[in-house]
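In listed order, ligands and their atoms are each counted from 1.
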Amino acid sequence: MKWTAEAEGALRKVPFFVRKRVRARVEKEAADENKQTVSLSEVQATQARYLSAMKSEVKGYQLDTCFGPGGCPHRANPADRLMERIDSLLKKENLLGFLREQVGDDLKFHHEFRVTLAECPNACSQPQIKDVGILGACVPQITKAACSACGACEKICKENAVFLRPQRGAPGISARRCVGCGSCIPVCPTGTLVESRRGFRVQVGGKLGRHPALAIELPGIYREDETIDIVTACIRFYKAHGRHGERFAQILQRTGLQKLIDSSERLGAMMAIKGKIQGH
Ligand code: SF4
Ligand code: SF4
Ligand code: SF4
């Protein structure tokens, strides 16, 4: 669909992270009215409808995913089932009821609790700026199968985490550098590199807005059940400590991350096993 320069100008004022969605919505509404071109009036009409509908559309949480399920070849760990489980959890926790109590009639989309799943460390759905961000991970391990020193693993690793050691007959992997993308595993022709485990990395407390903050990564890789336990602990903590619709990041800045960990026996036990949170 064509856009006039004025309409494009109005769209450019929309924050970049929702611009694509707004464009799609404006075009859909214009198409529903048999329009071939989007002008400023179409953008304004969508904006007016959006503002009046906002109250009824706010559901208390936002859950999204990257384009992995659409067939992205980079998926390190498919998260379809986890997505369904988190959706049920978010519904069950009645975040809308909680936010209505806290915010009242002024409830808007920006108050909603945000969870996102990205199925590999490329993080296309921006987990770093969500209340809870989950990243699919696939970690390699070295077997006894002889390495042919073909170099394919070293070439594909963008992190310089895998390095050849022909004299030892097997490569080395830097656990500190490896982000768990799993890319080195399928390219290994000898079976020297195989999958050790799949799971999810979890980041908490990211946000944009007036005081942006990047999420903090919890140490380790978590199984699906453990990830659900972490998300549950985050939601419960958010409901116990959130005031007037403040974002999860603000709560964590006020209370400290340790208080979140101490709030859940399960989370505390997992952190004790997985290790120390960087910078904390
Ligand atoms: S995060 Fe990874 S799996 Fe998801 S769309 Fe991006 S590259 Fe693909
Ligand atoms: S899993 Fe990814 S980051 Fe880790 S060593 Fe393999 S290619 Fe590198
Ligand atoms: S891809 Fe496999 S065989 Fe080739 S260098 Fe790496 S570990 Fe060795």
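- Between Glu8 and Arg23 there is a salt bridge, since at least one side-chain N of the basic residue sits less than 4.0 Å from a carboxylate O of the acidic one.
- Heavy-atom contacts from other residues, nucleotides or ligands closer than 6.0 Å to CZ of Phe67 number 12 or fewer.
- Looking from atom 4 (Fe) of ligand 3 to the surrounding protein, the closest heavy atom is Cys150 SG, 2.3 Å.
- Protein heavy atom at the shortest distance from atom 7 (S) of ligand 3 is Pro171 CG, 3.5 Å.
- Any protein N/O/S atom under 2.8 Å from atom 8 (Fe) of ligand 2 was counted, giving 1 altogether.
- Dense packing is recorded around CD of Glu33, with more than 12 heavy atoms of other residues, nucleotides or ligands lying under 6.0 Å away.
- Summary of contacts: the protein heavy atom closest to atom 8 (Fe) of ligand 3 is Cys147 SG, 2.3 Å.
- The residue from Leu63, Thr227, Val132 that alone fulfils the side-chain contact (heavy atoms from CB on, under 4.5 Å) condition with Leu117 is Leu63.
- Using a 4.5 Å cut-off on side-chain heavy atoms (C-beta onward), Arg81 and Glu224 make contact.
- Among protein heavy atoms, the minimum distance from atom 1 (S) of ligand 2 is reached at Gly182 N, 3.1 Å.
- Residue contact check: Leu164 has heavy atoms under 4.0 Å from atoms 5 (S) of ligand 3.
- Between the Glu246 side chain and the Arg243 main chain, a donor and an acceptor come within less than 3.5 Å of each other.
- Under a 3.5 Å cut-off, the side chain of Thr255 and the backbone N or O of Leu260 do not form any donor-acceptor pair.
- The nearest protein atom to atom 2 (Fe) of ligand 3, hydrogens excluded, is given as Cys188 SG, 2.4 Å; this is a heavy-atom distance.
- Closer than 2.8 Å to atom 2 (Fe) of ligand 1 sit the protein N, O or S atoms Cys120 SG.
- Val231 and Met271 fall within the same hydrophobic cluster, defined by Ile, Leu, Val, Met, Phe, Trp and Tyr side-chain heavy atoms under 4.5 Å apart, directly or through other members.
- A donor-acceptor pair shorter than 3.5 Å cannot be found between the side chains of Glu42 and Trp3.
- Aromatic ring centres of Phe113 and Phe98: separated by at least 6.0 Å.
- Counting only distance, with no hydrogens or angles, the side chain of Arg19 and the backbone of Val14 share a donor-acceptor pair below 3.5 Å.
- Panel note: side chain Gln250, backbone Arg247; a donor-acceptor pair is recorded below 3.5 Å.
- Annotation: atom 3 (S) of ligand 3 to nearest protein heavy atom, Thr190 OG1, 3.2 Å.
- Ser125 and Asp64 are not linked by any side-chain donor-acceptor pair at a separation below 3.5 angstrom, with hydrogens and angles left out of the test.
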